[in-house]
Amino acid sequence: MTGPLLEVQSLSRRYGRVQAVDDLSFAMARGAITGFVGPNGAGKTTTMRIAATLDVPDRGDVFVDGVSVLVEPREARQRIGYMADQFRPYPNLDVPEYLDFFARAYGLRGRRRLQTVRSVAAFCGLDGFADRPATGLSKGMGQRLHLAKTLLHDPALLILDEPASGLDPRARIEFRALLKELAAAGKGILISSHILPELGELCDSVVVIEKGRRVVAGTIAEIQRSVAAEQAVRLRVLGDAEAAHRFLLTQPGVGAVAVDGDRLRFALAGGDAAAAALLQRAVAAGLSVVEFVRVEADLEDIFLQTTRGNVQ
Amino acid sequence: MTAARAEPPIGRWSRWSDRLNPILVREVQQAVKGRAFALTVLVALVVTVVIATAAVARGAAPDAGRGVFDAGLTTLVPLVLFVVPMQAYHSMRLELRAGIVEQLLLSRLRPRAIVAGKLAAALVQFGLYVSILAPLLATSYLLRGVDVATIATSLGLALVFCLGATAAAISAAAQGATAALQPIGQVVAAFGFGMLSFAMMTFVGTGEYARDLGWLLRRAEFPAVLSAIVLGAAAATTLSALTAQTFLLHAFENRSTGFRVYLFGLPLLALAWIGCFVEPALWAERTAAVVFAATLLGIVFGVFFCTEQRELSPRVRAHVPRRAWAAALAAPWLPGRERGMLCLLLYLAAVGALGWLVWPDPTAATLVFAPGVRVTAFTTGLLRLAAFTAAYGLIYLTLGKGLRRWLPPTFAGNQLARFAVPGLCVLFCLVPVLIDVFLRDGVDQWHGLHVLNPFWTCERFAFRPERGSVLTGLLAAAAGCVLLQLRGLAHGIGEVRAAAALRRRAEAVAWLRRRTASPARSRRWRRATGWRSAARGPAAGRGRSAGSAPAARSSCSISAPMRPATTCATSTGAATRAASSCGCGCTRRKWRRTSTWCSTPRRRWPAPPARSARRGCWRRRSCSGAGARAPRCGC
């Protein structure tokens with residue numbers, strides 16, 4: 001199979017008067033981690049639920065490993081691990097019993113079931129919680145248990161809806177490490193989150209949506225290139241920053257100059273040649289340049305540049 | 001993740017429990033640790049001890065045994081009619097409220113398995129409660145209060161009612177539409193089961209139950225009554241379970257066929273019961289009653305059939321039978337309101353044919369029934385009532401179906417239309433009455449405007465054969481309604497046939513694509529394996545059935561480690577984008593749990609137009625032929 005692992009085609013979904021998803025299309029490669037980003041109400045959860053066969057679109061389709069989630073939901077489900085944003089385990093079941101139940105539900109039998117439960121619990125760091133009730137776990141451990149349950153049937157695609165929300169920094173870092181391991185093991189991961197710096201570190205590609213529509217999609221580097229016609233540059237000088245400010249204002253291709261102490265940040269049109277020429281001119285103008293750095297746009301910058309904060 | 005570790009020991013219970021429904025295992029695990037369960041068991045034990053103590057204190061009173069039996073059964077009633085169903089209700093509600101049921105549906109568990117697991121858990125609880133109260137029942141027997149037949153019948157009835165009540169509870173829980181209505185639903189369920197328990201406790205506790213049962217046990221009608229109760233409860237349980245699983249199904253799954261089969265099955269069940277338990281002289285009358293009840297039931301089900309969304313869902317469309325004639329035959333059973341109306345018409349035709357057999361025409365009646373069959377005026381009246389019901393049903397369902405067109409094509413639209421149909425009926429009953437009240441100086445007597453009032457019209461004309469014109473007119477109107485829908489009915493069948501044609505075409509295209517995908521590689525492989533000669537051998541001639549030659553099977557076996565059976569996708573639907581992952585267009589079935597073999601069922605092959613292609617198909621039907629594409633998947 002060489003096609004994309006996940007392919008969303010012209011997906012539309014309306015709830016009453018609200019168009020939750022509007023002609024959304026994107027694809028996701030195998031073994032990739034794709035961030036699914038958008039403001040609240042952008043349609044992320046709706047899209048993920050449709051991809052997980054839990055909702056149906058008004059129009060369009062989603063293909064998981066080439067299998068339509070509308071036509072073959074059962075086959076698609078075998079390829080999907082869906083982790084909802086909320087996790088509520090069964091009462092009166094401890095951690096191994098909880099995993100054992102879902103292993104049975106996924107059709108694992110006999111020794112294979114026991115092995116899978118044990119290996120998944122070990123992978124998610126739940127070894128030491130065998131005697132704890134599933135409802136008595138902390139939020140972080142609960143998310144690990146949720147992830148462990150999601151991994152039981154060894155799905156090719158993981159759909160994670162804000163898995164890190166509400167986690168403390170340590171739990172979040174540990175969770176991120178787990179996801180990286182899973183991606184290294186070849187699993188495709190579609191993850192939505194509002195913690196953009198983390199997504200930026202984790203994801204190979206990003207899909208940004210707003211009001212149910214795709215705003216931008218691709219790898220972070222591609223998006224950086226596509227959304228930033230002007231490169232952001234940071235300049236630090238010794239001495240008078242005001243002089244540097246005045247100098248920059250007179251230079252061609254320079255705009256949006258902001259001064260912060262001895263540091264200046266500005267947008268520069270053109271490529272590396274323009275940057276080199278500007279640096280030469282600054283040195284020739286007698287500015288004591290200590291630092292001249294191109295600032296890479298991170299996911300937050302991309303998000304702010306591409307979305308307008310429209311909510312529905 | 002799958003680091004090498006020591007093999008975990010697998011216990012006998014663990015191995016044995018693999019065969020059980022996971023929901024049952026989990027419910028039992030939860031119940032054992034739950035406080036409510038422990039409290040209930042404790043209370044039951046205390047009550048048992050108290051009753052036993054009281055029985056001992058009474059000494060050798062003549063009715064001591066009966067008293068112990070009544071007390072024990074009275075204790076059992078709330079447990080099986082309130083505690084067990086409400087636990088099932090809470091379990092289902094919790095799963096729905098917390099979104100757990102979605103996680104379950106993402107697994108391999110089907111809604112049917114979820115409902116069955118909950119019913120099985122109810123059975124286990126019932127067994128436990130009975131075992132707690134068993135000493136009391138045994139004591140009542142030893143004190144000569146009741147006989148074994150009474151105890152066995154009572155326990156059997158308790159089991160049947162427990163299952164019925166639990167299925168109703170699960171169904172009610174699964175239907176909770178909105179969060180705001182759920183507490184109300186819970187109160188209604190608790191009140192309903194509470195009242196039922198209370199009524200039964202009163203009936204049993206006063207001793208009437210044991211007395212009546214004892215009387216019935218001595219009568220010849222006992223098997224008929226018992227079987228009627230059991231069949232009725234089984235039908236109600238099945239309907240509740242069907243409803244519950246319908247609400248758990250994916251929106252694009254087929255939710256209709258089960259109900260349609262159920263509808264056709266009920267009259268057959270009733271007729272079978274009549275055949276077994278009713279004396280032949282009464283067959284005509286009882287059959288007429290069945291005809292009327294079946295017609296009424298058909299109209300009630302028709303409200304649901306005729307208010308469905310019109311089109312087939314993508315999921316159902318991709319799974320209609322491939323052959324055109326099979327698709328046409330399957331059409332009435334598939335979802336969609338046009339097909340629902342078609343199914344209802346077929347059903348009414350079948351019921352009508354049954355009614356014709358018992359119509360007071362001796363020729364028809366004696367064709368089937370024994371000579372001496374009594375066809376009374378009551379029988380005639382019942383049949384006329386059935387005809388009125390069918391006519392009114394068709395007219396109102398046609399109106400409802402027309403109304404459904406204007407509602408949104410969603411599940412909410414379906415539900416709205418289901419309320420609208422009885423609403424229309426009430427409206428048409430009320431309007432003439434209001435006209436009478438305000439314009440004609442009061443409701444005096446039936447007149448032409450009341451013809452749309454089914455209740456009054458039936459009451460006035462059903463049992464009067466001399467006033468046949470109203471029935472004739474209504475039947476003509478119903479026939480007109482059916483005629484108006486002919487185009488829609490044709491569309492209903494045509495859509496299924498079109499889906500079948502699309503499926504055939506898609507599979508033919510996929511087949512041709514596979515066949516022409518890599519001819520060079522295919523040729524090389526054929527040359528290397530001598531496939532051609534093998535395909536012309538006897539195995540090819542015999543086809544690919546499960547009984548095909550073991551040699552062919554083994555030549556195409558795919559070892560499990562190479563590609564687990566669960567991930568071995570095959571091209572199964574028209575809209576399935578992926579071709580078979582092994583590329584040979586075959587289905588794979590487990591073979592002795594260790595490997596899979598390729599088999600290519602005849603029905604899965606498309607019907608390619610070219611004769612040469614068909615020859616290729618025949619060749620490939622052998623298992624070794626199916627493996628011709630094996631290099632792609634490594635088999």
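Considering only heavy atoms from C-beta on, A:F102 comes within 4.5 Å of B:L104 through its side chain. Taking the side chain as every heavy atom from C-beta outward, A:H153 and B:S107 never approach each other to under 4.5 Å. Taking the side chain as every heavy atom from C-beta outward, B:R110 and A:R74 approach each other to under 4.5 Å.
Of the possible donor and acceptor atoms, one in the side chain of B:D18 sits under 3.5 Å from a partner among the backbone N and O of A:G110. In this structure, A:R104 contributes its side chain and B:R26 its backbone to no donor-acceptor pair below 3.5 Å.
Rounding to the nearest 0.5 Å places CZ of B:R108 at 5.0 Å from CD of A:Q78.
Contacts with chain A were tallied for B:N21, B:I100, B:V32; B:I100 has the most, counting heavy-atom pairs under 4.5 Å. Among B:A113, B:S17, B:S313, B:A31, the residue with the largest count of heavy-atom pairs under 4.5 Å with chain A is B:S17. Between chain B and the residues A:Y98, A:Y90, A:F101, the most heavy-atom pairs under 4.5 angstrom are made by A:Y90.
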- Task: Take B:K33 and A:D94, measure what side-chain contact (heavy atoms from CB on, under 4.5 Å) needs, and give me the verdict at the end.
- Result: CA-CA 10 Å; B:K33 292 183 180 178; A:D94 57 32; 3.4 Å; yes
- Mind running side-chain contact (heavy atoms from CB on, under 4.5 Å) on B:Q103 and A:R88 for me, showing each step along the way? CA-CA 11 Å; B:Q103 301 292 338; A:R88 290 184 190 165; over 6 Å; no
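Interface remark: B:I23 contributes backbone and side-chain atoms alike to the contact with chain A (heavy atom separation under 4.5 Å). Both the backbone and the side chain of A:P91 come within contact range of chain B, judged by heavy atoms closer than 4.5 Å. With a 4.5 Å cut-off on non-hydrogen atoms, B:L106 touches chain A through its backbone and its side chain both.
Between B:H250 and A:V56, the closest heavy-atom pair is CE1-CG1, 3.5 Å.
A search for side-chain hydrogen bond (donor to acceptor under 3.5 Å, both in side chains) contacts involving B:T257 returns B:N254, not counting sequence neighbours.
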